[in-house]
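Residue numbers begin at 1 in each chain, while the letters A, B, ... track the order of the sequences.
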There are 2 protein chains.
Amino acid sequence: MSQDGVALETSLGYLLKEAASALRAAMEDALRPLGLTVTQYACLELLAQCPGLSGSELARGAFVTRQSMNVLLQAMERDGYVTRPAEAPVGKVLPTRLAPDGRRILEKASAEVRAVEVRMLEGMTATEQSATFAALRSMVDSLRADGT
Amino acid sequence: MSQDGVALETSLGYLLKEAASALRAAMEDALRPLGLTVTQYACLELLAQCPGLSGSELARGAFVTRQSMNVLLQAMERDGYVTRPAEAPVGKVLPTRLAPDGRRILEKASAEVRAVEVRMLEGMTATEQSATFAALRSMVDSLRADGT
DNA sequence: TGACTCATGTCAGTATCCTGACATACCGTT
DNA sequence: AACGGTATGTCAGGATACTGACATGAGTCA
């Protein structure tokens with residue numbers, strides 16, 4: 001191993017990617033025993049908080065395209081985790097809801113993920129956490145400003 | 001659109017993913033005119049700072065597998081951006097270095113990416129930036145502690 | 001020296017996600 | 001009522017990254 005990180009690690013962007021990568025890996029490890037991917041978990045969590053979300057809304061919330069979310073929803077419907085009406089009650093929107101099995105597995109998954117997040121925040125004071133929260137939100141807003 | 005973000009957006013993990021997603025999208029937009037992907041840019045930047053890195057080391061630095069980095073390096077070698085010896089001078093490690101064309105395009109790419117990062121940090125004081133830096137590093141360290 | 005462990009490069013197969021495209025349904029204005 | 005703009009769900013194709021596996025070379029230790 002040569003010397004790693006001379007100037008790149010001084011970049012907030014690089015560190016942001018590193019943190020997100022580490023968090024994703026930790027979540028994958030935590031969710032693997034349950035047979036869930038991170039995207040599937042995000043989808044279930046979104047549905048628990050906002051029942052009846054459309055596929056496109058779920059896609060935006062999970063940061064994937066609506067096409068990817070569509071195949072994911074079909075699989076989760078087949079597995080009995082979510083339910084969608086066969087036909088759209090209004091327009092083309094197919095409102096998705098948690099099935100009992102989905103609610104059950106989400107409960108376990110949520111506990112695992114919460115443990116990961118707690119571990120991630122250990123050593124940070126509440127003040128530091130809220131400061132980081134504000135900083136990240138500021139970054140998101142600034143980046144979205146022009147990128148549309 | 002139903003109501004979005006009730007509790008999920010209060011999660012630092014979710015916000016971290018959102019920020020990383022926004023940053024990646026902004027970087028993709030900035031690098032697309034140059035015909036570079038974010039991973040390719042990361043690879044070039046790593047090589048500029050640490051010439052002679054092996055494929056595996058580059059993979060770790062860019063947060064991809066060494067297999068993915070390998071195909072990426074083959075393409076970049078074909079495009080004349082990097083050079084690798086035909087045979088390993090020692091062991092199996094193939095030290096990679098920037099070619100003149102790679103150094104040239106990296107110069108342009110680096111300017112674009114720097115502009116994105118500047119935009120991302122607008123509205124944050126230097127104190128807030130370094131506090132966020134410390135917080136992200138703390139998260140990475142905590143997550144890596146057990147995940148091995 | 002020989003056995004063991006680890007890291008690297010590479011090949012093959014698979015999975016995941018994305019881009020492009022189309023038809024349909026709502027909403028606004030004219 | 002008719003139109004254009006927007007949003008949704010879906011299909012097809014391709015790009016990208018990953019997992020699994022193998023052989024090779026270096027380092028360690030008995």
Side-chain angles (χ1 to χ4, degrees), chain A residues 1-2 4 17 20-21 24-25 27-29 31-32 35-43 46 50 52-79 82-97 147-148, chain B residues 1-2 4 17 20-21 24-29 31-32 35-43 46 50 52-79 82-97 148:
Chain A
M1 176 87 77
S2 308
D4 251 1
K17 186 175 181 180
S21 174
R24 185 179 185 89
M27 287 180 66
E28 282 174 352
D29 291 343
L31 293 174
R32 188 171 302 116
L36 283 181
T37 67
V38 174
T39 309
Q40 286 174 328
Y41 163 73
C43 180
L46 283 166
C50 304
L53 281 184
S54 71
S56 293
E57 289 170 326
L58 286 171
R60 281 192 292 270
F63 308 108
V64 295
T65 62
R66 62 187 194 276
Q67 293 90 331
S68 298
M69 182 54 70
N70 194 34
V71 304
L72 193 147
L73 284 175
Q74 289 174 357
M76 295 187 81
E77 190 174 14
R78 173 179 47 75
D79 293 344
V82 302
T83 60
R84 311 176 79 186
E87 291 184 358
V90 52
K92 297 192 65 177
V93 176
L94 291 177
T96 312
R97 294 181 177 280
T148 307
Chain B
M1 175 89 76
S2 308
D4 251 0
K17 186 175 180 180
S21 173
R24 185 179 185 88
M27 286 180 66
E28 282 174 352
D29 291 343
L31 293 175
R32 188 170 303 117
L36 283 181
T37 67
V38 174
T39 309
Q40 286 174 328
Y41 164 74
C43 180
L46 283 165
C50 304
L53 281 184
S54 72
S56 293
E57 288 170 326
L58 286 170
R60 282 191 292 270
F63 309 108
V64 295
T65 62
R66 62 185 194 277
Q67 294 90 330
S68 298
M69 182 54 70
N70 195 34
V71 304
L72 194 147
L73 283 175
Q74 289 174 358
M76 294 188 80
E77 190 174 13
R78 173 180 46 75
D79 293 344
V82 302
T83 61
R84 311 176 80 186
E87 292 184 359
V90 53
K92 296 193 66 178
V93 176
L94 291 177
T96 312
R97 295 181 177 278
T148 308

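Near DNA chain D, defined here as any heavy-atom distance below 4.0 Å, the residues from residues 63-72 of chain A are R66(A), Q67(A), N70(A), listed numerically.
Which of dT16(D), dT8(D), dT8(C) sits closest to the side chain of K92(A) comes down to dT8(D). Picking from dT8(D), dT10(D), dT8(C) the nucleotide with the shortest atom distance to the side chain of E57(B) gives dT8(C).
Each end of the helix from dT1(C)-dA30(D) to dC27(C)-dG4(D) yields a helix axis from five base pairs, and these two axes differ in direction by 30° (to the nearest 10 degrees).
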Practice task
Run the numbers on N70(B) and Q74(B) for side chain to side chain contact (heavy atoms under 4.5 Å, CB included), then give the verdict.
Solution key: CA-CA 6 Å; N70(B) 195 34; Q74(B) 289 174 358; 3.7 Å; yes
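For the OP1/OP2 pair of dA7(C) and a distance below 4.0 Å, the side-chain nitrogens and oxygens of R60(B) include no atom meeting the criterion. Note on T37(A): every side-chain N or O is 4.0 Å or more away from OP1 and OP2 of dT16(C). OP1 or OP2 of dA17(D) lies within a sub-4.0 Å distance of a side-chain N or O belonging to T39(B).
Checked against side-chain hydrogen bond (donor to acceptor under 3.5 Å, both in side chains), R32(A) has the following partners two or more places apart in sequence or in another chain: D29(A). Not counting sequence neighbours, the partners of L94(A) by the side chain to side chain contact (heavy atoms under 4.5 Å, CB included) test are R84(A), P85(A), A88(A). The side chain to side chain contact (heavy atoms under 4.5 Å, CB included) search around S21(B) returns F63(A), not counting sequence neighbours. Remark: R24(A) pairs with E28(A), V38(A), T39(A), K17(B) by the side chain to side chain contact (heavy atoms under 4.5 Å, CB included) rule, at least two apart or across chains.
Mapped onto DNA chain D by nearest heavy atom, R32(A) and R84(A) fall at different nucleotides, with R84(A) at the one closer to the 5' end.
The minimum heavy-atom distance linking V82(A) with T96(A) is given by the pair CB-CG2, 3.8 Å. The minimum heavy-atom distance between S54(B) and V93(B), with the atom names listed, is CB-CG1, 3.4 Å. Across all their heavy atoms, A62(B) and L46(B) have their closest contact at N-CD1, 4.0 Å. Closest approach of M69(A) to G55(A), counting heavy atoms only: CG-O, 3.5 Å.
Atom pair L53(B):CG and dA7(C):P shows a separation of 17 Å (rounding to whole Å applied). The CD-P distance, from E28(A) to dT16(C), rounds to 11 Å in whole Å. A straight line from CE of M76(A) to P of dT16(C) spans 13 Å, rounded to a whole angstrom. Between E77(A) atom CD and dG9(D) atom P the separation is 12 Å, expressed in whole Å. Separating the CG atom of L36(A) from the C1' atom of dA15(C) is a distance of 17 Å, rounded to the nearest angstrom. When rounded to the nearest whole Å, the span between CZ of R24(A) and C1' of dA17(D) equals 11 Å.
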